[in-house]
Amino acid sequence: MSKEPAAPPSTPPDAPPALELRGIDKRFGAVHANRAITFAVAAGSIHGLIGENGAGKSTLMNIVYGFHRADAGKIRVQGRAVEIGSPQQAIAAGIGMVHQHFMLVENFTVLENVVLGVEGGALLAGALAAARAELGRLARDYGLEVPLDAVVSELSVGLQQRVEILKALYRGAEVLILDEPTAVLTPHEADQLFVMLRRLRAQGKAVILVTHKLREIMAVTDRVTVMKQGAVVAEVATRETSPRGLAEHMVGRAVLLQVEKRPAQPGAELLSVKALEVRDRLGVARLKSVSFNLRAGEIVGIAGVAGNGQSELLEVLAGTRAASRGEISFGGRDLVREQLDPRARRALGLAHVPEDRLRMGVVAGFSAADNAILGYHDAARFNRGGLRDEAAIRAACAAKMAEFDVRPPQPELRLAAFSGGNQQKLVLAREIDADPQVLLIGQPTRGVDIGAIEFIHKRLIALRDAGKALLLVSVELDEILALADRILVMNGGEIIGELARADATEEKIGLMMAGVRAEASP
Amino acid sequence: MSAPAKLPRWAELGLLPLINLGVALVVAGVIIKILGESPLAAFKLMATGALGTQEGIGYTLYYATNFIFTGLAVAVAYHAGLFNIGAEGQAYIGGLGTGLVCLYLGAWPFWVVLPLAVLAGAIFGAMWAFIPAWLQARRGSHIVITTIMFNFIAAALMTYLLVNVLIKPGQQSPETREFSANAVMPAAHELLAKMGITVVATPLNLAFGLALVAAVGVWIFIWRTRWGFALRVAGANSAAAVYAGISPPRIIVGAMLISGALAGGLGLNELMGSQHRILMDFPSGAGFVGIAVALMGRNHPVGIVVAAVLFGALYQGGSQLSFDMPKINRDMVVVIQGLVILLCGAMENVFRAPLTALFARVRSGKGIE
């Protein structure tokens, strides 16, 4: 992590806060999303906003940025009371936001994206020239170098994020909100982002960092506000707190950040992959000659920046995507040559918790009970005489809910009504209850609150200790390090290195994720 | 957190359609007023014409039978995520199958002819839906486009067959000869007479009962079998279907075969039950009304039966209206029906957002200012 001089606040101590929220209250129907939130960010500081999913962080930031209107409460910017009813008004008030999912037109250039919406005239040429000059200045002041004439889709994710920050600054943002900005970055890119944020702080901007990663809060913020169930439960100076203390505030009880586990005792090889290759529809290789194996009683973690072939690997193993070449041996069969579909693979004992739960793992509009049989709906235990056995389906779901502490325990409730953590526990319960030999699991704790993460990690380790093999794909390096017994690092569709957990450090993995091959060990 | 609030079930299924219907009637009332007739008198006439007499009820249910078949057809496809606009053509070709059985096997006893006619209607209708389904599943040709094209192909094919092949020799109008007595669906008044109940003769016939059986069958299939479950999964989230080992192309073809087969039931009512011959354009738009019926009935068999009866009443009441109010001609009645389709079908969501907001306010305990 690069060293930056500690920035002295560039505003006098009695200046009004850059952004101040007083008594913000918001309900969505029966849900009380924000309860009398009071929150202030000083100019020239980085303020962390942390909380579990559903704690109301996003709602609060969406109110500040004008996506929602608060039922009650006041917003003041630089001491002035402002009415924010739309993002336009938020921008006019000097508030900028970088969303987790970038709002860029991919086939426009950087320059075109920056001026989009603030062209200020019928003809583009003038706006583009003015923007070019202004962006040159911003680049000098903040070290935000971006090739202005490059098409956005050709930029790395880190650079695209920089474009988003430039967009906000170009619109005169004094308060910059970043929503989970590191979710898509390599550790190195994240460090670069933090350097940039510190520069913004030194220039007197107020930065709000919304995240669920305690490490980032500790690394870069000056103060941190913790939200729980729609209310602020703590506001502290970062240097006076610890990750453990923050986690306890978030969950309301002591949390194990590191799950206890015994050393792995790998047994027989259960699944092996040889020279696996996947090409997409355009013929581009997404997986290039991937080979590895999984043994009973171990968790193999796949680390890598999102989009380097991990998703394709999981899908091709699960059977939702076809392999172009290679071999997957499992249960004495070659899954590639026999072209077994996901159902047949499940029957052999290969279960799959998909990365993108809502896109693939569940049907949000169906009941929890229906979701708890998805993929197993043909099984004899859920059918009787040609009809679904509704009682058995409901009972099975209720049993899973009890075992995995899914709340509320109502099999008839629509899945969308459950929180992300509870949805994930239900998916996990479905796949684990089928007693698989191998469990493929992608992003097990994406969108899952800390309390549930602990539970899910414990279940995965219990599964390993029961002699099953797990393949874990996660963009959270912390999660890989916490769970995996062996780590494979992917870059550009290849496995470019393998590390035993004992040898793995964040730095080593980070280098490999960026494409630097491990030198042959002596 | 920002998930949209949901309407309670009774409001979703009952209140919202009623509001839509009410607005449609208000707009229709304005038009009737402009034409110089009293809207209230007109609506009263429509209501009594459709539901006030035995004859009216008979006709209403007779029309409703067609709409139940086509509404179910649209709904089954809808649950698989497919918008089947081709129920009209599938009903037309399905009717051909039923008609051919009646024409050429009509000498056999009724209880032999009936299952064969049902089967032939279903198979012909399903086959007509199969080609667009296959094109969608294997080639990605959009089913909305292909099914609507197949309506035209069906119309052209039937015209050719009726004019050149099936026409009863020695006559001008392109119709087949009449079915023999064994191939005629028992009328409701005949069946009721056997039970000692005397009612006015109407075209209402046994096919209405078959339509209700089909509705129950569709309900069981969609919500109580694993195949229906697979179909709904594929319709709601095709990525999840692939993940669950369900093949979306197979579901597309299967759902469209069932959809076409259901549309093919229309011939049982229209040809076997009423016309007793194959003639030109006998579905007369029921395939399209089926879309509105399915939308209004929320793609649920119970809702579809209710909506089909409502549309049957509109048809019957509308013809009564054009009889008795000379300023309102047949086309005006079509306009009124069109308004109902527009507001209950195409624009059914217009009042959803305000209604949802209203419920959210009431529930959050703030009341209505």
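Here is how names work: the chains are called A, B, and so on, in the same order as the sequence lines, proteins then strands, and each is numbered from 1.
When every heavy atom of A:Val363 is checked against every heavy atom of B:Ala240, the shortest pair comes out as CG2-CB, 4.2 Å.
B:Asn237 places no side-chain N or O within donor-acceptor distance of the main-chain N or O of A:Ala364, the cut-off being under 3.5 Å.
The parts of A:Asp370 that come within reach of chain B are both its backbone and its side chain, each placing non-hydrogen atoms under 4.5 angstrom from that chain. Interface residue A:Arg430: only side-chain heavy atoms are found under 4.5 Å from chain B. Using a 4.5 Å cut-off between heavy atoms, B:Trp227 touches chain A through its side chain atoms alone. A:Asp341 touches chain B through its side chain: at least one heavy atom from C-beta onward sits under 4.5 Å away, while N, CA, C and O do not.
For CZ of B:Phe208, the number of neighbouring non-hydrogen atoms (other residues, nucleotides, ligands) closer than 6.0 Å is greater than 12. Other residues, nucleotides and ligands contribute only 12 or fewer heavy atoms inside 6.0 Å of the CD atom of A:Gln229. No more than 12 heavy atoms of other residues, nucleotides or ligands lie within 6.0 Å of CD in A:Gln339, so this atom counts as exposed by the packing criterion.
Going from atom CG of A:Leu387 over to atom CH2 of B:Trp223 covers 15.0 Å, rounded to the nearest 0.5 Å. Residue B:Arg226 holds its CZ atom at 10.5 Å from CD1 of A:Ile393, rounded to the nearest 0.5 Å. A:Asn383 CG to B:Arg224 CZ: the interatomic distance, rounded to the nearest 0.5 Å, is 12.5 Å.
Under a cutoff of 6.0 Å and an axis angle of 45°, B:Arg232 and A:Phe366 form a cation-pi pair. Cation-pi contact between A:Arg321 and B:Tyr243: absent, since separation from the ring centre below 6.0 Å together with deviation from the ring axis within 45° is not met.
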**OP:** Check step by step if side chain to side chain contact (heavy atoms under 4.5 Å, CB included) holds for A:His377 and B:Ile246.
**Re:** CA-CA 10 Å; A:His377 52 277; B:Ile246 298 162; 3.5 Å; yes
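Taking chain B as the reference chain and counting heavy-atom pairs below 4.5 Å, the highest number among A:Pro354, A:Gly319, A:Ala344, A:Ala417 is found for A:Pro354.
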